[in-house]
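See structure below.
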Amino acid sequence: MKRTKLFTGLLSALVVPAAMACSAPLPAMMDIDANSYYTDAHHSVIDPVLRARNIANTKPIEDFLAQVAKSASQGDTACALDWLNSWAGQRALTGKLSSEQAWYVRKWTLGGMALSYARVKPAASAAQRQAIEAWFKVLADATMAHSDAHKGTRNNHYYWDGLAVTAVGGVTGDERYLGWGRKVFEHAMGQVAADGSLPPEMERGAKALHYHVFAAVPLVMSASILDIRSPKLDQLMRFTIAAAQDPSAMEKATGFAQERANASEMSFAIIYARHEGRAELMPAKANFQPRLGGDLNLPNPLEHLAARKSQ
């Protein structure tokens with residue numbers, strides 16, 4: 001099967017969400033109460049009760065991010081800016097973080113907010129820019145400090161740290177954040193094995209494929225924002241695409257049957273295709289990912305686009 005067909009099939013179920021009326025911004029969430037929901041050593045078996053609790057507790061934050069992404073993607077700049085400015089003015093998400101999972105939620109949210117803001121920044125007033133960008137910098141500084149203090153193996157969580165900070169660097173023009181993002185990206189490329197796999201993600205049991213995709217997403221977007229073309233990233237993409245098409249080799253290597261990658265998980269392909277100019281990898285259907293700034297069919301202003309080329 002050609003890779004084009006793989007992506008077409010995986011992305012066929014995705015549609016752009018309908019427009020949402022702009023209501024008053026949700027109340028600012030200061031604290032983040034989130035919990036882990038894996039029960040095994042590989043972090044591959046989910047406890048449904050714990051997962052449901054986590055979803056319920058973080059829903060207000062997810063809803064906020066989704067509304068901002070929808071508004072920004074659909075051209076409702078006033079709504080997106082109003083919501084962002086409301087939370088920025090109250091320094092939302094800067095209170096108590098209940099667990100490591102809460103730090104994950106915050107960086108995913110920061111990256112998504114910054115990428116959505118990139119779509120609407122030209123319409124922002126000077127006061128909105130000052131408030132929103134100062135807030136982003138507070139969150140980015142905390143992300144870097146927390147990440148730099150981490151001990152042990154770096155994995156996909158580090159890459160998502162990198163994307164959040166890189167996106168803040170992109171929308172603020174602050175080289176300090178862009179430089180930190182480059183450091184994270186280079187570290188990740190150093191982890192890519194000769195076969196294109198990521199050893200830390202190969203340790204995830206039945207979710208090794210899922211976490212290869214999850215790790216590739218922030219790396220692909222970071223590479224586009226930073227305009228980096230890396231043979232190691234190409235290796236990772238080839239490995240991940242091949243495993244998504246036929247996971248048998250990964251299953252043999254890990255000793256676990258793999259959960260198949262779904263359409264939403266594979267949506268990052270459009271970013272990679274645009275940056276590399278690979279028309280044959282462009283998915284046919286729309287994708288909507290709040291953590292990546294909303295409608296992925298609309299190139300993000302922070303992306304670097306290449307002239308299309310074919311193999």
Side-chain angles (χ1 to χ4, degrees), residues 16-34 57-97 102-145 160-161 163-178 181 221 225 288-296 298-303:
V16 177
M20 292 177 64
C22 188
S23 56
L26 294 175
M29 297 289 293
M30 302 306 298
D31 303 332
I32 304 177
D33 182 9
N57 287 342
T58 59
K59 187 177 187 298
I61 298 172
E62 298 290 352
D63 288 348
F64 174 86
L65 181 60
Q67 176 64 67
V68 169
K70 288 184 177 76
S71 297
S73 294
Q74 295 167 358
D76 192 348
T77 57
C79 187
L81 288 168
D82 185 37
W83 279 52
L84 285 170
N85 193 56
S86 173
W87 277 34
Q90 299 173 75
R91 284 294 197 265
L93 310 180
T94 60
K96 179 181 178 181
L97 275 61
W103 285 90
Y104 303 163
V105 171
R106 191 164 77 171
K107 69 188 171 194
W108 296 329
T109 305
L110 174 58
M113 291 191 302
L115 289 165
S116 288
Y117 175 64
R119 299 189 188 277
V120 300
K121 179 178 176 177
S125 68
Q128 287 174 327
R129 289 189 183 194
Q130 195 283 326
I132 293 168
E133 293 177 24
W135 177 47
F136 284 172
K137 288 182 177 182
V138 168
L139 296 176
D141 286 341
T143 298
M144 291 190 296
W160 281 98
D161 287 340
L163 175 58
V165 173
T166 297
V168 170
V171 293
T172 63
D174 193 321
E175 180 58 37
R176 184 165 64 92
Y177 300 117
L178 293 172
M221 180 61 93
I225 296 172
F288 190 84
Q289 295 289 327
R291 292 178 185 175
L292 294 176
D295 184 0
L296 296 188
L298 303 174
N300 193 280
L302 298 184
E303 290 181 53

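Between the CG atom of D295 and the CG atom of N300 there is a distance of 11.0 Å, given to the nearest 0.5 Å. Interatomic distance, CG of L110 versus CG of L139, reported as 5.5 Å (0.5 Å rounding). Distance check, rounded to the nearest 0.5 Å: CG of L292 to CD of E303 gives 9.0 Å. Taking CZ of R129 as the reference point, atom CZ of F136 lies at 12.5 Å (rounded to 0.5 Å). Interatomic distance, N57 CG to D33 CG, rounded to the nearest 0.5 Å: 4.5 Å. Put simply, NZ on K59 and CE on M29 are 11.5 Å apart, with the number rounded to the nearest 0.5 Å.
Using modelled atom types, one side-chain atom of T172 and one backbone atom of V168 make a donor-acceptor pair closer than 3.5 Å. Here the side chain of S125 pairs a donor or acceptor atom with the backbone of Q128 at under 3.5 angstrom. No donor-acceptor distance shorter than 3.5 angstrom exists from the side chain of K96 to the backbone of I32, with no hydrogens or angles considered. The main-chain N or O of R91 is found under 3.5 Å from a side-chain atom of T94 such that the two form a donor-acceptor pair. The main-chain N or O of L93 is never found under 3.5 Å from a side-chain atom of W87 such that the two would form a donor-acceptor pair. A distance-only check finds a donor-acceptor pair linking the side chain of W135 to the backbone of A92 [under 3.5 Å].
Taking each heavy atom of P299 and R119 in turn, the nearest pair found is O-NH1, 3.5 Å. Closest approach of P301 to A118, counting heavy atoms only: CG-O, 3.4 Å. When all heavy atoms are compared, the tightest approach of G169 to L178 is C-CD2, 3.7 Å. Contact between A34 and T58 at its shortest, heavy atoms only, is CB-CG2, 3.9 Å. When every heavy atom of G293 is checked against every heavy atom of S116, the shortest pair comes out as CA-OG, 3.6 Å. The shortest non-hydrogen separation linking N85 to A131 is OD1-CB, 3.5 Å.
For the pair D31/L97, no side-chain contact is recorded, criterion being any heavy-atom separation below 4.5 Å from C-beta on. Within the 4.5 Å cutoff, side-chain heavy atoms of R291 are placed close to those of E62. Residues W83 and C22 have side chains in contact (heavy-atom distance under 4.5 Å, counting atoms from C-beta outward). By the 4.5 Å heavy-atom criterion applied to side chains, C79 and Q67 are counted as neighbours. Counting heavy atoms from C-beta outward, K107 and L163 have side chains that stay 4.5 Å or more apart. Contact check for Y104 versus W160: no side-chain heavy atoms found under the 4.5 Å cut-off.
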task: For salt bridge (charged side-chain N to carboxylate O under 4.0 Å, His left out), just list the numbers for D161 and R106, CA-CA rounded to whole Å, side-chain angles, deciding distance to a tenth of an Å, and then say yes or no.
output: CA-CA 10 Å; D161 287 340; R106 191 164 77 171; over 6 Å; no

- prompt: Checking side-chain contact (heavy atoms from CB on, under 4.5 Å) for the pair Y117/L81: CA distance, chi angles, key distance, verdict?
  reply: CA-CA 8 Å; Y117 175 64; L81 288 168; 4.0 Å; yes

